[in-house]
There are 2 protein chains.
Amino acid sequence: MPIDMTPSQALGLWHAVTLELVRQDRRDLTLRQLSILLEIYLVPPPHTVRGLAATLGVTKPVITRALDTMGEQGLVSRVRDERDRRNVVIRRTVEGALFLERLSDLVIASGRSLAPWKTP
Amino acid sequence: MPIDMTPSQALGLWHAVTLELVRQDRRDLTLRQLSILLEIYLVPPPHTVRGLAATLGVTKPVITRALDTMGEQGLVSRVRDERDRRNVVIRRTVEGALFLERLSDLVIASGRSLAPWKTP
DNA sequence: AGGAACCGATCCGGTAGCGTAACGAAATCG
DNA sequence: CGATTTCGTTACGCTACCGGATCGGTTCCT
């Protein structure tokens, strides 16, 4: 299932997607925030603050702040773990799934229309 | 030359690359800054502040600030246009090219090791 | 020549993220 | 039990970026 790309394709893909993300602006997510969001939605739960911090290689306050921001935007939600009430479990939301679905569409579309050999 | 991807591949690719970018940290580029950098290096020159502002759909100060930051990091350089001294021409640098080359490597490597069907 | 238009940079107040260091709550240990 | 460890959060001072307005400097237009 791997994807093979040339350097030109790789950068072209990144160029197209970042450009479009900036253009439509809407949610101004940090690279870290986006990374957290993808981690939550692509890796099987449960997700905790310290777990994410370890995975991303950042401190815990970074995760807390990112969850604050994305929580306000409805992209994630937090629930106290009742089995160990010290923990907080990060949960997915419908809105977050929709956001990533749009990101996915953007990536796919950008990849498809990448440097069409001749014939623009 | 297009690349065809499934939604899972698209998000998986983005996940792997952003995660690695966050992990190695180094230069903490904004999405906007990265977008500007890619625009400069992938689109034929000349590049001007107002041109980039129009392309990205942002205001001119945003471009100026981003060029300040990336200029300090040696990723781009600015030269006054002698034919029309109102303009500033944004130029590429060796260091900037190297940075994008590493980004390209990262994207390619992430794409290659994407959800290897069985047998890791 | 002089006014208008243009270009990039700078100033302003405000917002959001950062790292370090603490904190309170909860579980575990001895 | 109390002491210690483990969580996530908050406090603090700082830095970077934001949009909007404005600024000099330059060119264009008549």
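Quick note on labels: first sequence line is chain A, next is B, and so on, each numbered from 1.
- Taking atom CG of residue D68(B) and atom C1' of nucleotide dA16(D), one finds them 12 Å apart after rounding to whole Å.
- Of the side-chain N and O atoms in R32(B), none sit less than 4.0 angstrom from OP1 or OP2 of dA16(D).
- When the C1' atom of dA16(D) is taken as reference, atom CD of Q73(B) falls 12 Å away, rounded to whole Å.
- Residue R80(B) places none of its side-chain N or O atoms closer than 4.0 Å to OP1 or OP2 of dG25(D).
- Each of V62(B), N87(B), V89(B), L67(B) was checked for a side chain to side chain contact (heavy atoms under 4.5 Å, CB included) with V49(B), and the lone residue meeting it is L67(B).
- Of the candidates dA9(C), dG8(D), dA26(C), dG8(D) carries the atom nearest the N87(A) side chain, counting heavy atoms from C-beta on.
- Atom-to-atom, CG of D84(A) to C1' of dT6(D) comes out at 8 Å; the value is rounded to the nearest Å.
- By the 4.5 Å heavy-atom criterion applied to side chains, D81(B) and V88(B) are not counted as neighbours.
- Residues I36(B) and I63(B) meet the side-chain proximity criterion, which asks for heavy atoms closer than 4.5 Å.
- Residue I63(B) is the one, among T69(A) and I63(B), whose nearest nucleotide of DNA chain C lies closer to the 5' end (criterion: closest heavy atom).
- Phosphate proximity of dG20(D) to T59(B): absent, as no side-chain N or O sits under 4.0 Å from OP1 or OP2.
- When rounded to the nearest whole Å, the span between CG of L67(B) and C1' of dC17(D) equals 14 Å.
- Remark: T48(A) is not in phosphate contact with dC7(D), judged by side-chain N or O atoms under 4.0 Å from OP1 or OP2.
- Shown here is R91(B), whose CZ atom has no more than 12 heavy atoms of other residues, nucleotides or ligands within 6.0 Å.
- For the pair R50(B) CZ and dA5(C) C1', the computed distance is 13 Å after rounding to whole Å.
- Taking only side-chain atoms of R86(A), from C-beta outward, the nucleotide of dT9(D), dG19(C), dT6(D) with the closest atom is dT6(D).
- Using a 4.0 Å cut-off between charged nitrogen and carboxylate oxygen, D105(B) and R112(B) do not count as a salt-bridge pair.
- Remark: C1' of dA16(C) and CD of Q33(A) are 9 Å apart, rounded to the nearest angstrom.
- V62(A) comes within 4.0 angstrom of the backbone, heavy atoms only, and of no base.
- Between the P atom of dT22(D) and the NZ atom of K60(B) lies a distance of 14 Å, rounded to the nearest Å.
- Rounded to an integer number of Å, the gap from R83(A) CZ to dC7(D) P is 14 Å.
- Counting only heavy atoms from C-beta on, P61(A) has its side chain closest to dT10(D) among dT10(C), dT10(D), dG19(C).
- Checking dA27(C), dC7(D), dC18(C) against every side-chain atom of R65(A), the shortest atom distance belongs to dC18(C).
- A close approach under 4.0 Å does not occur between any side-chain nitrogen or oxygen of T64(A) and OP1 or OP2 of dG8(D).
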